[in-house]
Amino acid sequence: MKSVVEALLSQTIDTLKQQGVLAEDVSPRINLSNTKDKSHGDFACNIAMMLAKPAGMNPRALAEKIIEQMPKDPRISDTQIAGPGFINFFVDDSWLEKQVSLALADEHIGIKRTQAPQNIVVDYSSPNLAKEMHVGHLRSSIIGDAVVRALEFQGHNVIRQNHVGDWGTQFGMLLAYMEEQQNNGEALDLADLEGFYRASKGRFDESEAFANRARELVVSLQSGDEYCNKLWAEFNSISLEHCLELYKRLGVSLTAKDVRGESAYNNDLQSIVDALKEANLLTESNGALCVFLDEFINKEGEPLPIIVQKSGGGFLYATSDLAAIRYRAQQLNADRVLYFVDQRQALHFNQVFALAHKAGFASDQTSLEHLGFGTMNGADGKPFKTRSGGTVKLVDLLDEAEERAIALVRSKNPDMSEQELEQIGKVVGISAVKYADLSKDRARDYIFNFDQMLSFEGNTAPYLMYAYTRVASIFDKANLDMNSIQGDVKLDAEKEKDLANKLMQFPEILERISQRGQPHTLCSYIYEVAGLFSSFYEHCPILSAETEEQKMSRLRLAALTGKTIKQGLNLLGIETLERM
RNA sequence: GCGCUUGUAGCUCAGCUGGAUAGAGUACCUGGCUACGAACCAGGUGGUCGUAGGUUCGACUCCUACCAAGCGCACCA
């Protein structure tokens, strides 16, 4: 709906240019905002105030001119000048009613597919296969996945890339320990990956011979030794299985085919260095091959290096990241590459992106974007740890969330069967963890709190899921199908209009997510929808409405609400329940 | 030392790239179940938007300086 008004305004600006009221070269960004106060109409525009100065007019006079020249449109019932020069638009009720009916009839609930689909590579999750996934991987996995789903829903071609850490010095240690166990005739037990890592680290620290063997194995591995690679592949496939299980449990859409780890670029690394050399970007410094870019200066104003090859000949993560960029830009034809990686790597990505563009690994048309996120902290504001100060395993976190959720659901439903309790509790627990994270601006650190995320009050997953079950329950009672109901809607009560207006804002919310990669705006939106629905539900009887027509109209509005909440949560990777 | 991120109600967080009187939830107080699910709704108390300047019709938002917290800055990723 907003886009209709924007188009009208844009057309009016052109008219005013032709009339010479506005200069030809002004091209203002038309900024239409949703009003907070109903007396300001449905949309407000500040364009007259922006253009007043260049046009040499006072803002209110210009606003008047704009209104005068704007084509009359039956969808707009009134336009008014307010305050210093705002133009307020009042939407015609019948247009709003029509839009609700259309959205209800549309299988995509009124969200148009983008006219310009892009190839968007999204790099997210990317755990280190040497260890078990821990809480540090949670944010990347679920925020990335939410954005991926939103982009796909809009019609973009998304290419998931799970850039797992499956290469590097620590693998020597792991392989040496695997070898030792096999030589001792012990069965290989990788069920407890974390324990395995600790044990091999222990052997590495206590035995010189073991440590030497570990270093040997790294060299063999990297030079393509068959025996080593077999051990390595065995280890990785088991470790990857652990990840895939967690994705499944978390509702993260990554699969085995999305994995393209660091090792995939192993054979490209030398050619990356060669290309940099050819481009005259390479400098030797203290035996290492580096690139110095003018934009990046260190302390004392000295240039900051990007090291691409160690003095010993080994390559670094900057090298494989460059190789990955080249692959994504040139093989995958990416228009955008999004990286959901910890904020602490911002400098690294800034450097690598600048270099990739300079060296031509990615053209200037390829947008490389680091969408960083902050740290997950405990109640004390310090990084989330176990009581003993260790890293929290993701499995343990999810186990606890489920246990707490089951207890919570049980307390609300004393008569529910154990089986149903468990099934519902699991969904609620996982959803609560995901939603708590997704609902906060990713750039900030956030405080992880089980009690808060599992509360039914406030902006939480349980509240939204509850709101959905209330909608579902109405249709259950009316013996109707929420997904197939269609028809005209008549908006009489204020609560109905408020809800309908909010429902119509779904497209612009999605647009923002795809542009900025911030799922928390979708969370706020669904929360607002749920809140307006609760209010509508309280004040407008549905099943016992005064007339059959009103009842059907309200049912349709409720149906679109239910579908919107469900779709919204689905884009966040959160399931809905019909009962809870 | 240089750089990045963050600073908004007691607490947890929004604030739509400069708009109208800074918003939610929580906590606290008040009211509403013989009721489509009260896991809810309606209302109230609570703010020098870290500090100080600047830019302009207008600043939580942009610029500068400072303060505080977290994190990065040469062969780990």
Side-chain angles (χ1 to χ4, degrees), chain A residues 29 31 33-37 39-40 44-46 49-50 52-53 58-59 82-86 88 126 128 165 167-170 262 285-290 296-302 304-312 314-318 320-321 342-348 350 372 374-375 377 381-383 408-409 411-413 436 439-441 443-447 449 452 455-460 462-463 465-467 469-478 505 508-509 512 516 520-521 523-524 527-528 531 534-535 537-545 554 558 579-580:
Chain A
R29 192 169 47 86
N31 187 1
S33 56
N34 301 307
T35 55
K36 293 170 199 154
D37 186 334
S39 68
H40 297 147
C45 187
N46 61 358
M49 293 182 289
M50 288 173 71
K53 190 166 272 184
N58 91 52
F86 290 103
N88 293 333
S126 307
N128 185 344
W167 204 246
T169 45
Q170 56 208 335
E262 290 174 327
S285 174
N286 296 329
L289 295 179
C290 310
F296 301 98
I297 299 170
N298 195 1
K299 51 198 160 191
E300 313 305 316
E302 285 168 17
L304 204 57
I306 305 165
I307 304 176
V308 292
Q309 189 162 18
K310 294 195 264 193
S311 50
F315 301 104
L316 295 101
Y317 75 135
S320 55
D321 275 337
D342 194 308
Q343 191 62 45
R344 284 176 289 196
Q345 294 196 35
L347 177 61
H348 163 73
N350 281 338
T375 313
N377 289 332
K382 298 196 174 123
L408 182 71
V409 176
S411 73
K412 302 283 186 186
N413 303 282
S439 61
K440 278 140 197 133
D441 184 352
R444 293 169 47 131
D445 294 347
Y446 90 99
I447 294 178
N449 183 326
Q452 217 158 51
S455 166
F456 280 95
E457 284 141 25
N459 190 5
T460 65
Y463 173 82
M465 296 168 79
Y466 171 69
T469 61
R470 286 172 102 188
V471 182
S473 170
I474 297 168
F475 286 91
D476 195 40
K477 186 149 278 186
Q505 290 169 17
E508 63 190 83
I509 299 297
R512 281 181 57 193
R516 299 201 240 165
H520 79 280
T521 56
C523 296
S524 309
Y527 179 60
E528 285 163 12
S534 287
S535 187
Y537 180 89
E538 195 75 19
H539 295 90
C540 302
I542 300 172
L543 297 180
S544 55
R554 286 180 175 170
R579 273 164 34 86
M580 64 187 278

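Throughout, a chain's letter reflects where its sequence line sits, starting with A, and its residues are numbered from 1. What you see is a predicted model; the values in this text were computed from it and never measured.
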Novice: Across the strands shown, which category fits A:Arg579 at heavy-atom distances under 4.0 angstrom: base, sugar-phosphate, nothing?
Specialist: base
Novice: Check for me: is A:His520 stacked on B:A14 by the 5.5 Å centroid and 30° plane-angle rule?
Specialist: no
Novice: In this structure, how many angstroms lie between the C1' atom of B:C75 and the OH atom of A:Tyr317, rounded?
Specialist: 11 Å
Novice: Output, in order, the C-alpha distance, side-chain angles, deciding distance and verdict of side chain to side chain contact (heavy atoms under 4.5 Å, CB included) for A:Leu316 and A:Lys310.
Specialist: CA-CA 7 Å; A:Leu316 295 101; A:Lys310 294 195 264 193; 3.5 Å; yes
Novice: Does B:C76 have its OP1 or OP2 closer than 4.0 Å to a side-chain nitrogen or oxygen of A:Lys310?
Specialist: yes
Novice: Figure out the CG/C1' separation between A:Asp342 and B:C4, and round it to whole Å.
Specialist: 12 Å
Novice: If you find the nucleotide of RNA chain B closest to A:Asn350 and the one closest to A:Gly83, which residue's nucleotide is nearer the 5' end?
Specialist: A:Asn350
Novice: Sequence neighbours excluded, which residues qualify as ring-ring contact (aromatic ring centres under 6.0 Å, His included) partners of A:Tyr446?
Specialist: none
Novice: On the nucleotide B:C4, are OP1 or OP2 found under 4.0 Å from the side-chain N or O atoms that A:His348 carries?
Specialist: no
Novice: When the distance from CD1 of A:Ile306 to P of B:A74 is rounded to whole Å, what number comes out?
Specialist: 13 Å
Novice: For RNA chain B, whose closest nucleotide is more 5', that of A:Ser524 or that of A:Gln309?
Specialist: A:Ser524
Novice: Taking CG from A:Asp445 and P from B:C71, how many angstroms apart are they, rounded to a whole number?
Specialist: 9 Å
Novice: Which whole-number value in Å describes the distance from A:Asn459 CG to B:G25 C1'?
Specialist: 8 Å
Novice: Any sub-3.5 Å donor-acceptor pair from A:Ser524's side-chain atoms to A:His520's backbone N or O?
Specialist: yes
Novice: Across all strands, who's sitting opposite B:C4 as a Watson-Crick or G-U wobble pair, both distances under 3.5 Å?
Specialist: B:G70
Novice: With a 4.0 Å cut-off on heavy atoms, is A:Asn88 in touch with a base, just the backbone sugar-phosphate, or nothing at all?
Specialist: base
Novice: Kindly determine whether A:Gln452 and A:Ile447 satisfy side chain to side chain contact (heavy atoms under 4.5 Å, CB included), including the steps that lead there.
Specialist: CA-CA 10 Å; A:Gln452 217 158 51; A:Ile447 294 178; over 6 Å; no
Novice: Using atom types as modelled and distance alone, determine if a side-chain donor or acceptor of A:Ser455 lies under 3.5 Å from a backbone N or O of A:Glu457.
Specialist: yes
Novice: Looking at every strand, decide which applies to A:Ala82 at a 4.0 Å heavy-atom threshold: base, sugar-phosphate, or nothing.
Specialist: base
Novice: Protein-nucleotides 54-60 of chain B N/O pairs closer than 3.5 Å?
Specialist:
residue, atom, partner, partner atom, Å
B:C57, OP1, A:Lys53, NZ, 2.8

Novice: Describe the nucleic acid contact of A:Ser455 in one word from base, sugar-phosphate, nothing, applying a heavy-atom distance below 4.0 Å.
Specialist: nothing
Novice: Does A:Asn377 make a side-chain donor-acceptor contact with the base of B:A69, cut-off 3.5 Å?
Specialist: no
Novice: Look through every strand shown and name the nucleotide pairing with B:A42 as Watson-Crick or G-U wobble, where both distances are under 3.5 Å.
Specialist: B:U30
Novice: Parallel, tilted or perpendicular: which fits the ring planes of A:Tyr466 and A:Phe456, with parallel below 30° and perpendicular above 60°?
Specialist: perpendicular
Novice: What is the nucleic acid contact for A:Ile307, judged by heavy atoms within less than 4.0 Å: base, sugar-phosphate only, or nothing?
Specialist: base
Novice: In whole angstrom, give me the gap between the P atoms of B:A22 and B:U45.
Specialist: 14 Å
Novice: What nucleic acid atoms does A:Ser285 come within less than 4.0 Å of, heavy atoms only: base, sugar-phosphate, or nothing?
Specialist: base
Novice: In this structure, how many angstroms lie between the C1' atom of B:A74 and the CG atom of A:Leu289, rounded?
Specialist: 13 Å
Novice: How does protein reach along nucleotides 39-47 of chain B, written 5' to 3' as B (base within reach of a heavy atom under 4.0 Å), S (only sugar-phosphate), or - (no contact)?
Specialist: BSSS-----
Novice: Going by purine N1 to pyrimidine N3 plus the second Watson-Crick contact, or the G-U wobble pair, all under 3.5 Å, which nucleotide sits opposite B:A22?
Specialist: none
Novice: Taking a pair as Watson-Crick or G-U wobble with both distances under 3.5 Å, which nucleotide is matched to B:G37?
Specialist: none
Novice: Just name whichever nucleotide pairs with B:G47, Watson-Crick or G-U, keeping both distances under 3.5 Å, else none.
Specialist: none
Novice: For A:Leu316, answer base if it contacts any base atom (sugar-phosphate contacts may also be present), sugar-phosphate if it contacts only those atoms, and nothing otherwise; contact means non-hydrogen atoms under 4.0 Å.
Specialist: sugar-phosphate
Novice: Taking atom C1' of B:A27 as reference, at what distance in whole Å does atom CG of A:Asn449 sit?
Specialist: 14 Å
Novice: For B:U17, does the O4'-C1'-N9-C4 (purine) or O4'-C1'-N1-C2 (pyrimidine) torsion place it in syn, i.e. within 90° of 0, or in anti?
Specialist: syn
Novice: I want to check something: taking the side chain as every heavy atom from C-beta on, are A:Glu508 and A:Asn34 in contact at a cut-off of under 4.5 Å?
Specialist: yes
Novice: Could you check whether A:Cys540 gets within reach of a base, just the sugar-phosphate, or nothing at all, counting any heavy atom under 4.0 Å?
Specialist: base
Novice: Can you confirm whether A:Phe86 sits close enough to A:Asn46 that some side-chain heavy atom of one is under 4.5 Å from a side-chain heavy atom of the other?
Specialist: yes
Novice: Looking only at heavy atoms, what is the nearest atom pair of A:Met580 and A:Thr469, with distance?
Specialist: CG-CG2, 3.6 Å
Novice: For A:Asp37 and A:Ser39, test the side chains for any donor-to-acceptor distance below 3.5 angstrom and give the result as yes or no.
Specialist: yes
Novice: Quick one: which of B:C73, B:A74, B:C13 gets closest to the side chain of A:Tyr446?
Specialist: B:C13
Novice: A:Ala443 near the nucleic acid: base, sugar-phosphate alone, or nothing, with a heavy-atom cut-off under 4.0 Å?
Specialist: sugar-phosphate
Novice: Tell me: CZ of A:Arg444 to C1' of B:C13, nearest whole Å?
Specialist: 6 Å
Novice: Please examine the side chains of A:Arg516 and A:Thr521, heavy atoms only from C-beta on, and report whether any two atoms are closer than 4.5 Å.
Specialist: no
Novice: Quick one: is A:Lys440 getting a side-chain N or O under 4.0 Å of the B:A14 phosphate, OP1 or OP2?
Specialist: no
Novice: State which of B:A24, B:C75, B:A20 makes the closest approach to the side chain of A:Ala44.
Specialist: B:A20
Novice: Any strand counts, and the cut-off is 3.5 Å on both contacts for Watson-Crick or G-U wobble. Which nucleotide pairs with B:U64?
Specialist: B:A52
Novice: Quick one: which of B:A20, B:C13, B:C4 gets closest to the side chain of A:Gln343?
Specialist: B:C4
Novice: Of all the heavy-atom pairs spanning A:Pro84 and A:Pro59, show the shortest one and how long it is.
Specialist: O-CB, 3.4 Å
Novice: Any stacking of A:Phe86 on B:A20, going by centres under 5.5 angstrom and planes within less than 30 degrees?
Specialist: yes
Novice: If only atom types and distance count, is the side chain of A:Lys440 paired as donor or acceptor with the main-chain N or O of A:Ala436 below 3.5 Å?
Specialist: yes
Novice: Over all strands shown, is A:Asp37 touching base, sugar-phosphate only, or nothing at heavy-atom distances under 4.0 angstrom?
Specialist: base
